[in-house]
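Worksheet: one structure, shown below.
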Amino acid sequence: MTASRHNASRFFRIAPSILSADFARLGEEVDNVLAAGADIVHFDVMDNHYVPNLTIGPMVCKALRDHGVTAPIDVHLMVKPVDQLIGDFIDAGASIITFHPEASEHVDRSLQLIRDGGCQAGLVFNPATPLSYLDYVMDKLDMVLLMSVNPGFGGQAFIPQTLAKLRETRAKLDASGYDIRLEVDGGVKVDNIAEVAAAGADTFVAGSAIFKARRTGDPHAYDTVIRELREALAQGVQG
Ligand SMILES: O=C(CO)[C@H](O)[C@H](O)COP(=O)(O)O
Ligand SMILES: [Fe+2]
């Protein structure tokens, strides 16, 4: 892991959450958002235990790899416990694995398991989870993910208090001297992404904002919304 200091040259990444994709055509949906300019695939794993919803597991991650997806797959584990599934997702071709620290008995060990498996590791913070979980493990992190909704469902409204938490997290990451990405997840849209970036995020999960565009019937709908997200980011940087 490079211990280079975060700097303003970090690039923004758009991460469509496939939670809002058409699961009956998942491979095609992922191909389409990547062709439309998405950077990474955000893969939400829910276990009907840590969160009330139930989604997809390692077999689907492997199926996307077998389908030919080469882009980074960003696995967001909303499961408890976490360690068994960390191993399964490493084997299934995950690139980044994040988990909620309160769902692991041994946060340091779970992070090390991810790195030992050749993946990038991250911690996820719910809106009310304290950032103190970052203390003592900063050297084992490639990503911090702040939830801007309560986890479990797509299509919820962005919680405005996340902006202050993003600023606080960005300051901690910059002070750490490590090169750690700051991702935000939940309710990110064209009309708020610039404000979210200004607060310190560099990686933006967007599920419903991107995939709902297909309902317009426009074959270029994903290109349009991803371009609008990038334009809003660029205008935010200029302004
Ligand atoms: O982790 C998640 C929910 O727990 C999803 O990634 C998130 O909700 C994205 O969906 P949307 O952009 O529609 O809010
Ligand atoms: Fe997510």
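Just follow the structure's listing: the first ligand is 1, and inside any ligand the first atom is 1.
Atoms of ligand 1 found under 4.0 Å from any heavy atom of Gly186 (numbered from 1 in listed order, with element): 14 (O). Close approach of ligand 1 to Asp44 (heavy-atom distance below 4.0 Å) involves ligand atoms 1 (O), 2 (C), 5 (C), 6 (O). For ligand 1, the atoms lying closer than 4.0 Å to a non-hydrogen atom of His42 are 6 (O). Close approach of ligand 1 to Gly154 (heavy-atom distance below 4.0 Å) involves ligand atoms 8 (O), 10 (O), 13 (O). Of all atoms in ligand 1, numbered sequentially from 1 with element shown, those under 4.0 Å from a heavy atom of Met147 are 1 (O), 4 (O). Each of the atoms 3 (C), 4 (O) of ligand 1 lies under 4.0 Å from some heavy atom of Gly152. Every atom of ligand 1 with a heavy atom of Ala206 under 4.0 Å away is listed here by number and element: 12 (O). Residue Met46 approaches ligand 1 through these ligand atoms, each under 4.0 Å from one of its heavy atoms: 3 (C), 4 (O).
Ring-plane geometry between His100 and His76 is classed as parallel, the angle between the planes falling under 30 degrees on a 0 to 90 degree scale with a further cut at 60.
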Original post:
Are Lys165 and Ser148 close enough, and set up right, to give a side-chain hydrogen bond (donor to acceptor under 3.5 Å, both in side chains), and what steps lead you there?
Top reply: CA-CA 10 Å; Lys165 198 172 180 185; Ser148 36; over 6 Å; no
**OP:** Take Arg227 and Asp223, measure what salt bridge (charged side-chain N to carboxylate O under 4.0 Å, His left out) needs, and give me the verdict at the end.
**Re:** CA-CA 6 Å; Arg227 193 188 62 242; Asp223 307 66; over 6 Å; no
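A salt bridge does not link Asp116 to Arg109: none of the charged side-chain nitrogens sits closer than 4.0 Å to a carboxylate oxygen. Ion pairing between Arg13 and Asp74 fails under the 4.0 Å rule for side-chain N and carboxylate O.
When the Fe ion (ligand 2) is compared with the N/O/S atoms of His76, atom ND1 turns out nearest. Take the N/O/S atoms of Asp185: the one nearest the Fe ion (ligand 2) is OD2.
Atom 7 (C) of ligand 1 has Asp185 OD1, 3.0 Å as its closest protein atom, hydrogens excluded (heavy atom only). If you check which protein heavy atom lies closest to atom 13 (O) of ligand 1, you get Ser208 OG, 2.6 Å.
Using a 4.5 Å cut-off on side-chain heavy atoms (C-beta onward), Phe43 and Thr55 make no contact. Residues Val144 and Leu134 form a side-chain contact, since some pair of their non-hydrogen atoms from C-beta on lies under 4.5 Å apart. Residues Met147 and Asp185 have side chains in contact (heavy-atom distance under 4.5 Å, counting atoms from C-beta outward).
Selection from Ser17, Pro151, Gly155 by nearest heavy atom to atom 11 (P) of ligand 1 gives Gly155.
Between Val205 and ligand 1, no N or O atom pair is found at a separation short of 3.5 Å.
To the nearest 10 degrees, the Fe ion (ligand 2) sees OD1 of Asp44 and NE2 of His42 at an angle of 90°.
Here the CZ atom belonging to Arg115 is positioned 13.5 Å from the OG atom belonging to Ser110, to the nearest 0.5 angstrom.
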